[in-house]
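Just so it is clear, the structure is predicted and the values come from calculations on it, not from any experiment. In each ligand, atom 1 is the first atom listed, and ligand 1 is the first ligand listed.
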Amino acid sequence: MEIKIEDLKVLFSEEQLQKRIKELAQEMNEFYKGEEVVAICVLKGAVMFAVDLVKHLEMPLKMEFIRLSSYGSSTSTSGKVNAVDIKLPNLNGKNVLIIEDIVDTGLTAKFLIDFMGVNFNVKSLKFCSLLDKKITRKVDIEPDYYGFEVDDKFVVGYGLDYDGYYRNLRYIGYKEL
Ligand code: IMP
Ligand code: MG
């Protein structure tokens with residue numbers, strides 16, 4: 001499959017994304033009221049979502065960035081998660097909020113949740129993903145917060161890439177097959 005910009009159809013517009021992100025932030029502001037949070041952005045895909053989301057969060061907050069990769073080819077997952085860079089401060093006793101772009105097979109989410117459990121004794125752990133591809137799930141995992149459900153399409157834009165491209169789009173698009 002090759003994806004050209006002119007083939008892209010809008011799945012979620014910039015307005016839809018920003019409205020939903022504000023709603024998610026509101027839910028989080030209520031849940032974490034008075035608590036401090038460590039928000040962990042999973043690079044590279046979650047970068048746009050994470051920066052827009054945290055701008056609406058009102059609790060004392062620190063940001064961390066980790067880099068993982070799981071995609072073997074441009075559009076299909078390898079089924080193996082690689083921790084490219086996962087250096088983190090001590091998260092014992094912290095409220096940890098993991099921010100992802102999309103949960104597909106769920107392997108990345110499971111890897112991260114297990115990683116937190118093995119390495120830290122956190123106060124709370126929440127997993128937030130902008131998109132949730134529920135029907136392609138291979139492990140039994142659900143994000144605590146998600147923006148939109150998507151069916152089995154390969155989507156790009158707003159952080160999500162095809163072969164490294166299209167992360168800079170302000171909307172999320174897909175190629176009609
Ligand atoms: P999982 O481990 O299979 O849940 O995959 C998670 C990762 O796969 C995400 O962090 C994305 O980087 C990538 N991914 C899954 N589906 C898509 C897609 O439709 N477009 C772009 N990247 C995707
Ligand atoms: Mg990716």
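Screening residues 36-61 for salt bridge (Lys or Arg N to Asp or Glu O under 4.0 Å), with sequence neighbours left out, gives D52-K55.
Checked by distance only, ligand 1 and D161 stay at 3.5 Å or farther apart across all their nitrogen or oxygen atoms. Taking only nitrogen or oxygen atoms, main chain and side chain alike, F154 does not reach within less than 3.5 Å of ligand 1. Residue V155 places at least one N or O, backbone or side chain, under 3.5 Å from an N or O of ligand 1.
Side chain of R67 to main chain of V42: no donor-acceptor pair is present (N/O by atom type, distance under 3.5 Å, no hydrogens or angles).
Listed by number with element, the atoms of ligand 1 under 4.0 angstrom from any heavy atom of K133 are 16 (N), 17 (C), 18 (C), 19 (O). Within ligand 1, the atoms closer than 4.0 Å to a non-hydrogen atom of E100 are 10 (O), numbered from 1 in the order shown. Contact atoms of ligand 1 toward K153: 19 (O) (distance under 4.0 Å to a heavy atom of the residue). Residue T108 approaches ligand 1 through these ligand atoms, each under 4.0 Å from one of its heavy atoms: 1 (P), 2 (O), 5 (O), 6 (C).
Look at G45 and you'll find every heavy atom at least 4.0 Å from all atoms of ligand 1. Ligand 1 lies out of reach of K110, whose nearest heavy atom is not under 4.0 Å from it.
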task: Determine, step by step, whether K134 and E142 satisfy the side-chain contact (heavy atoms from CB on, under 4.5 Å) criterion, reporting the C-alpha distance in whole Å, the side-chain angles of both residues, the deciding distance to 0.1 Å, and the verdict.
output: CA-CA 8 Å; K134 290 190 190 292; E142 288 290 324; 2.8 Å; yes

task: Test V81 against L107 for side-chain contact (heavy atoms from CB on, under 4.5 Å), laying out the working first.
output: CA-CA 7 Å; V81 181; L107 289 163; 4.1 Å; yes

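Remark: R170 engages no residue in a side-chain hydrogen bond (donor to acceptor under 3.5 Å, both in side chains) (not counting sequence neighbours).
Each of I113 and V118 belongs to its own hydrophobic cluster when Ile, Leu, Val, Met, Phe, Trp and Tyr are linked at side-chain heavy-atom distances under 4.5 angstrom.
V96 approaches Y32 most closely through the heavy-atom pair O-OH, 4.2 Å.
Both the backbone and the side chain of T105 come within 4.0 Å of ligand 1, counting heavy atoms alone.
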